[in-house]
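Below is one structure, written out as structure tokens; comments come after it.
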Amino acid sequence: MSRADAAAFIGALSLANPSPRSELHYHDPFTLLVAVVLSAQATDAGVNKATPALFAAAPTPAAMAALGEAEIGRHIRTIGLWQSKARHVAALSRALVEQHGGVVPHDRTALEALPGVGRKTANVVLNVAFGEATMAVDTHIFRIGNRTGLAPGKTPRAVEEGLVARIPADKLRDAHHWLILHGRYVCKARRPECWRCVAAAWCRYPAKTPAPDA
DNA sequence: ATCCCGAGGG
DNA sequence: CCCTCTGGAT
């Protein structure tokens, strides 16, 4: 897909979702980082319910490290994979204190070396908190990139590079919100609702589900 | 039953 | 590449 079409595609999605919001609203690097770690394979509702109390108790790496794994676990017991996440959050907080002066590093290699942090999570922090021109490719964005031709690729890395090459740098941040919302409610993995997709004109994926009572 | 805004380990 | 971790929503 050309850059012009990509801009039109993203523009259509932005009009359909004029007020994007999610746990990505954390701008502080540390709370953003922890919120994203907690989000993996969990519902956003669960994360949004648990994080306010957790961050009130421990807003910084030092405070989180002091809080400890057991107490972190008590705060996040209602979300999936909480045991390994409590372990990772405790370990990454200690690592930030001991190796980075209690500050989230503005550096991909250092971020990905933290426990529980992979390329996707590192990209969220790099883009949302530090303004780097990168995209965090989750399952939704990976699927949309391939279905639509917006950014085809066999690996998340390839899709990421295609998106960064086609979407204007100043729109990458909001593109996360729009693409994820679109992937969740319209361009779903199963039974995509193509008949109500605002970006269908730029999409090459054939509608496999007929519109209800149409 | 099946899926989720992943990451680590085998 | 495949498996596992895990509660909650649908």
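Chain A is the first sequence line, chain B the second, and so forth, proteins listed ahead of strands; every chain is numbered from 1. Predicted model, so just to flag it, every value in this text is computed and none were measured.
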Partners meeting salt bridge (Lys or Arg N to Asp or Glu O under 4.0 Å) with A:R87 (sequence neighbours left out)
none
Could you measure between the two P atoms, the one in C:dG8 and the one in B:dA7, and give it in whole Å?
22 Å
Integer-rounded Å distance: B:dC3 C1' and A:D138 CG
14 Å
Near DNA chain B, counting only heavy atoms under 4.0 Å, which residues of residues 140-152 of chain A show up?
A:H140
If you look at every strand shown and take non-hydrogen atoms under 4.0 Å, does A:L114 touch a base, only sugar-phosphate, or nothing?
sugar-phosphate
Atom CG of A:N127 and atom C1' of B:dC5 are separated, to the nearest Å, by 14 Å
Separation of atom CG in A:L111 from atom P in B:dG8, rounded to whole Å
12 Å
As a test of understanding, state which of A:V124, A:T31, A:V128, A:V117 forms a side chain to side chain contact (heavy atoms under 4.5 Å, CB included) with A:V36.
A:V124
Whole angstrom is fine here: how far is it from CG in A:N48 over to P in B:dC5?
12 Å
C1' spacing across the pair C:dT4 / B:dC3, given as an integer number of angstrom:
16 Å
In whole Å, what is the span from the CG atom of A:L38 to the P atom of B:dA7?
12 Å
Sorted by chain and number, sequence neighbours left out, salt bridge (Lys or Arg N to Asp or Glu O under 4.0 Å) with A:K49 holds for none
When we call it a touch if two heavy atoms are under 4.0 Å apart, what does A:V117 touch: a base, just sugar-phosphate, or nothing?
sugar-phosphate
Output yes when a side-chain donor or acceptor of A:K171 lies under 3.5 Å from a complementary backbone atom of A:G11, and no otherwise.
no
With heavy atoms under 4.0 Å as the rule, sort A:G46 into base, sugar-phosphate or nothing.
nothing
What is the distance, to the nearest angstrom, from the CD atom on A:E160 to the C1' atom on B:dC5?
15 Å
Could you pull out the closest heavy-atom pair between A:A12 and A:V198, with the gap in Å?
O-CG2, 3.5 Å
Report the distance from atom NE2 of A:H88 to atom C1' of C:dT4, rounded to the nearest whole Å.
12 Å
Give every pair of a protein N or O atom and an N or O atom of nucleotides 6-10 of chain C that lie under 3.5 Å apart, one pair per line with the distance.
| from | atom 1 | to | atom 2 | distance (Å) |
| --- | --- | --- | --- | --- |
| C:dT6 | OP1 | A:Q83 | NE2 | 3.4 |
| C:dT6 | OP1 | A:S84 | N | 3.2 |
| C:dT6 | OP2 | A:Q83 | NE2 | 2.9 |
| C:dT6 | O4' | A:L81 | N | 3.2 |
| C:dT6 | O2 | A:L81 | N | 2.9 |
| C:dG7 | O3' | A:T78 | O | 3.1 |
| C:dG7 | N2 | A:Q41 | O | 3.4 |

Would you mind reading off the distance between A:K120 atom NZ and B:dG6 atom P, rounded to a whole angstrom?
6 Å
I need the minimum non-hydrogen distance between A:G153 and A:A158, along with the two atoms involved.
CA-CB, 3.9 Å
If only side-chain N and O atoms of A:R119 are considered, is one of them under 4.0 Å from the OP1 or OP2 phosphate oxygen of B:dG6?
no
A:R143, A:E160, A:R157, A:K120 screened by side chain to side chain contact (heavy atoms under 4.5 Å, CB included) with A:V137, the one that passes:
A:E160
Can you give each donor-acceptor pair under 3.5 Å made by side-chain atoms of residues 103-114 of chain A, sequence neighbours left out, with the distance rounded to 0.1 Å?
| from | atom 1 | to | atom 2 | distance (Å) |
| --- | --- | --- | --- | --- |
| A:H106 | NE2 | A:E132 | OE2 | 2.9 |
| A:D107 | OD2 | A:T109 | N | 3.2 |
| A:D107 | OD2 | A:A110 | N | 2.7 |
| A:R108 | NH1 | A:E112 | OE2 | 3.1 |
| A:R108 | NH1 | A:N123 | OD1 | 3.1 |
| A:R108 | NH2 | A:N123 | OD1 | 2.6 |

Review item, side-chain donor-acceptor pairs of residues 58-83 of chain A, under 3.5 Å, at least two apart:
| from | atom 1 | to | atom 2 | distance (Å) |
| --- | --- | --- | --- | --- |
| A:T60 | OG1 | A:A63 | N | 3.1 |
| A:E71 | OE1 | A:R74 | NH1 | 2.4 |

Taking B:dT2 as the reference, what is the distance to C:dT6 when you measure between their C1' atoms (whole Å, please)?
14 Å
Quick check on the hydrophobic clustering: are A:L33 and A:V97 connected, directly or via other members, by side-chain heavy-atom contacts under 4.5 Å?
no
